[in-house]
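Worksheet: one structure, shown below.
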Amino acid sequence: MSKTSTPAETPLLQVSNLTRIFDVSKPWLNRVVEREPKQFLRAVDNVSFEIRKGETLALVGESGSGKSTVAKMLVGLLDPSEGTILFDGQPMIMNSSERMMELRKRFQMIFQSPYASLNPRWKVADIIAEPMIVLGVEKDSAKIEARVDDLLGLVGLSAADGSKFPHEFSGGQRQRIAIARALSSSPEFIVCDEPTSALDVSVQAQILNLMRDLQDQLGLTYLFISHDLSVVRHMANRIGVLYLGALVEIADSKELFKAPQHPYTRMLLDAVPDLEMTGRQRKEVEGEIPNPINPPSGCTFHPRCPFANDRCKREVPLWTQTRTGVAACHGVEEGRIPSAEMA
Amino acid sequence: MTTPLLSVRDLVIEFPTRHGPLTAVDGVSFDLAAGEVLGVVGESGAGKSLTGSAIIGLLDPPGHIASGEIYLKGERIDNLRAEDMRAIRGRRIGMVFQDPLTSLNPLYTIADQLIETIRTHLRLSEREARQRAIGLLDDVGIPAASRRIDDYPHQFSGGMRQRVVIALALAAEPELVIADEPTTALDVSVQAQIIDVLKEQCTQHGASVILITHDMGVIAETADRVAVMYSGRIAEIGPVREIIQNAKHPYTSGLMGSIPTLAQEEDRLVQIPGSMPRLSDIPPGCPFNPRCDKVFDKCRVQRPALIPVENRQVACWLYEEATTNEVAT
Ligand SMILES: Nc1ncnc2c1ncn2[C@@H]1O[C@H](COP(=O)(O)OP(=O)(O)OP(=O)(O)O)[C@@H](O)[C@H]1O
Ligand SMILES: Nc1ncnc2c1ncn2[C@@H]1O[C@H](COP(=O)(O)OP(=O)(O)O)[C@@H](O)[C@H]1O
Ligand code: SF4
Ligand code: SF4
Ligand SMILES: [Mg+2]
Ligand SMILES: [Mg+2]
């Protein structure tokens, strides 16, 4: 999988066999009364990937595929059930050791809902200053103030906006505030979970442009989560496709769109509406996502896959090297999936 | 000329406030032909939903129609008594909203709700209505419809629920279906399925559709014509293909450029500076003028009306001479 990275440079982030299991059992008494066993949900299942310094890796997938759960584990909001996360070669264990506090300054997260993530009772300047103070990046109040002003300018707001409250801003402006806050501790790595999904397209364009400018200016590395393939295509260098908690394909962004390998990736691409009106025939996606508590056997995609056979129903597919990256599919491995080159 | 199925004339929707009325929809006019699919796009707050709600007589007070008229097959419907409007809603105009749960009652089975709607509007026996309901569910792609019909809404996934809502909207063979963001709350892979079902079913039942969405991709694939709304007004309206490939209104071009596409290679998206004004401070003249890169003096003082340009209409002063001396721009 690390084929594309230069061996000399350690990836900024190395995720191996990351798994998160949730206990979704009914309360104890109900279970006893209804004679039901405990139930578990593998929200993230054995996920491995790397992100190099300065690049953007995108994770795509339908609702419930585990995107946010991966994001939360990366920034320490959720403990992994299994697997390891190395940040700059060092294991991330969420405790309050000094080493961890040092690491903690180096990454941040931006969420989908710019309103929910901003404390409505705090002034914007205090919201932006918070990570700086909590993580002990800066203690001098004059310096903090100056940095908040700089950050506001950096995201296209004015210093005067610092004394206002979040509700005085539009959705796009609130997302700018959330970005300023994420940048406040000068992180190198930012996890962005659907940062523009709640925004109108014209506002989304402003935020996406801003995020790319900041990446160039500050050398940021992004993990970018979205369900919108056109947005992902615009932002990412590489793309990982999640299905029912598992990564099914990772490939270079351009290649993935030109020649998707995994049948699920193809299905997602086929469902994108054709805005250019090239006459490309959009294919209807078959079926819906199965219940994650009782995932299908073998390849979990088999009930929706036009290429499924008996082996697919029995055996969990392993990673196969493809022309464009890697994919977990028996059909790809056996070379029996017809090529799907797109124009 | 034949009477359009729906005709909206100078629709103005206001909200009273302590500082005087706020105008949320300001002079919207359009016609819809029988069997036609009209897409309505624009950013949130542009007035799309209010326009839709006004047509079906479901404006939430204190919002109200301050002036203008709405005609269904030539018959005025904006000033009907609540009771008469109720007879039109469901029967002649069907509705599909963003959240399928707003249209479905959680306490009743799908069968109860479909059969009631069918029997309120059509003279059918309980048995015939049930048969018809099963047929409708089948048409919208609910597998094992005769069994699933006795389930409750919560037993369906979001996509299945929206299929049920489409069946419900079509149950009484309406002439018009208004769908307000019907796929916004659904998963990407399911969105396309729902749009396909909506379009296919409306075509089959001969219903016209007003499809309100902020997703230009959906419009591109579904609609015959599109109305682009901005600050409570129509900025541009015309055939979808022409508007997508060659927008004339500066706002429409900005909007089109801001959409990332699969084919695109550019690093930066087109960006319209600033944001849509609040209702309380819509600027005089053209409401887009503070953000427009083609603005000139007149734009700041005089409001442009919809000007016919080729086979579309554009509310922009740049196209003024096109009408006065027939010069194409
Ligand atoms: N705290 C939790 N307890 C139980 N199950 C959970 C919890 N958090 C997430 N899940 C489940 O884990 C799976 C993955 O959820 P996750 O939020 O990561 O999906 P996602 O890909 O981010 O989806 P979306 O696109 O809707 O944001 C889902 O089936 C979800 O219901
Ligand atoms: N009940 C209300 N009271 C006051 N303003 C409202 C109300 N409902 C809608 N509006 C305003 O009317 C404008 C248009 O709303 P709407 O039609 O819902 O927009 P859209 O559907 O295009 O997003 C917005 O500025 C909105 O804030
Ligand atoms: S492993 Fe089989 S079922 Fe799964 S995606 Fe590949 S071909 Fe389809
Ligand atoms: S009328 Fe003037 S300001 Fe408005 S869109 Fe046209 S050129 Fe721009
Ligand atoms: Mg999520
Ligand atoms: Mg709306």
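Below, all heavy atoms of this structure are taken into account, side chains as well, without hydrogens, waters or symmetry copies. Proteins get letters first, then strands, A, B, ... in listed order; numbering begins at 1 in each.
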Self-check item: Region of V231(A) in contact with chain B, defined by heavy-atom distances below 4.5 Å
Solution: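 Interface part for V231(A): both.
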Quiz prompt | Structural part of D213(A) lying under 4.5 Å from a heavy atom of chain B | solution =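 It is the side chain, since no backbone atom gets that close.
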Quiz item: Going from NE2 on H234(A) to CD1 on I259(B), what distance comes out if it is rounded to the nearest 0.5 angstrom?
Solution: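 Rounded to the nearest 0.5 Å, the NE2-CD1 separation comes out at 13.0 Å.
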Practice problem: Could you tell me the separation between the CZ atom of R291(B) and the OG atom of S202(A), rounded to the nearest 0.5 Å? | Solution: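 Here the interatomic distance stands at 5.5 Å.
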Quiz item: Under 4.5 Å between any side-chain heavy atoms of P260(B) and Q204(A), yes or no?
Solution: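 A side-chain contact under 4.5 Å exists here.
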Self-check item: Close side-chain approach of M216(B) to V201(A), heavy-atom, < 4.5 Å
Solution: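 The answer is no, as the side chains (C-beta and beyond) never meet within the 4.5 Å cut-off.
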Quiz item: Looking at R233(A) and T261(B), what are the two nearest heavy atoms and their distance?
Solution: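 Residues R233(A) and T261(B), closest heavy atoms: CG-O, 4.1 Å.
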Exercise. Would you name the heavy atoms of A205(A) and V270(B) that are closest together and state the gap between them?
Key: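 It is CB-O, 3.6 Å.
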Exercise. Answer with side chain, backbone, both or neither: which region of P273(B) has an atom nearer than 4.5 Å to a non-hydrogen atom of chain A?
Key: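 Just the backbone, heavy atoms under 4.5 Å.
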Practice problem: Counting only heavy atoms closer than 4.5 Å, note whether M256(B) contacts chain A via side chain, backbone, both or neither. | Solution: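 The answer is the side chain of M256(B).
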Quiz item: Is there a donor-acceptor pair under 3.5 Å between the side chain of N209(A) and the backbone N or O of R268(B)?
Solution: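 Not a single qualifying donor-acceptor pair exists.
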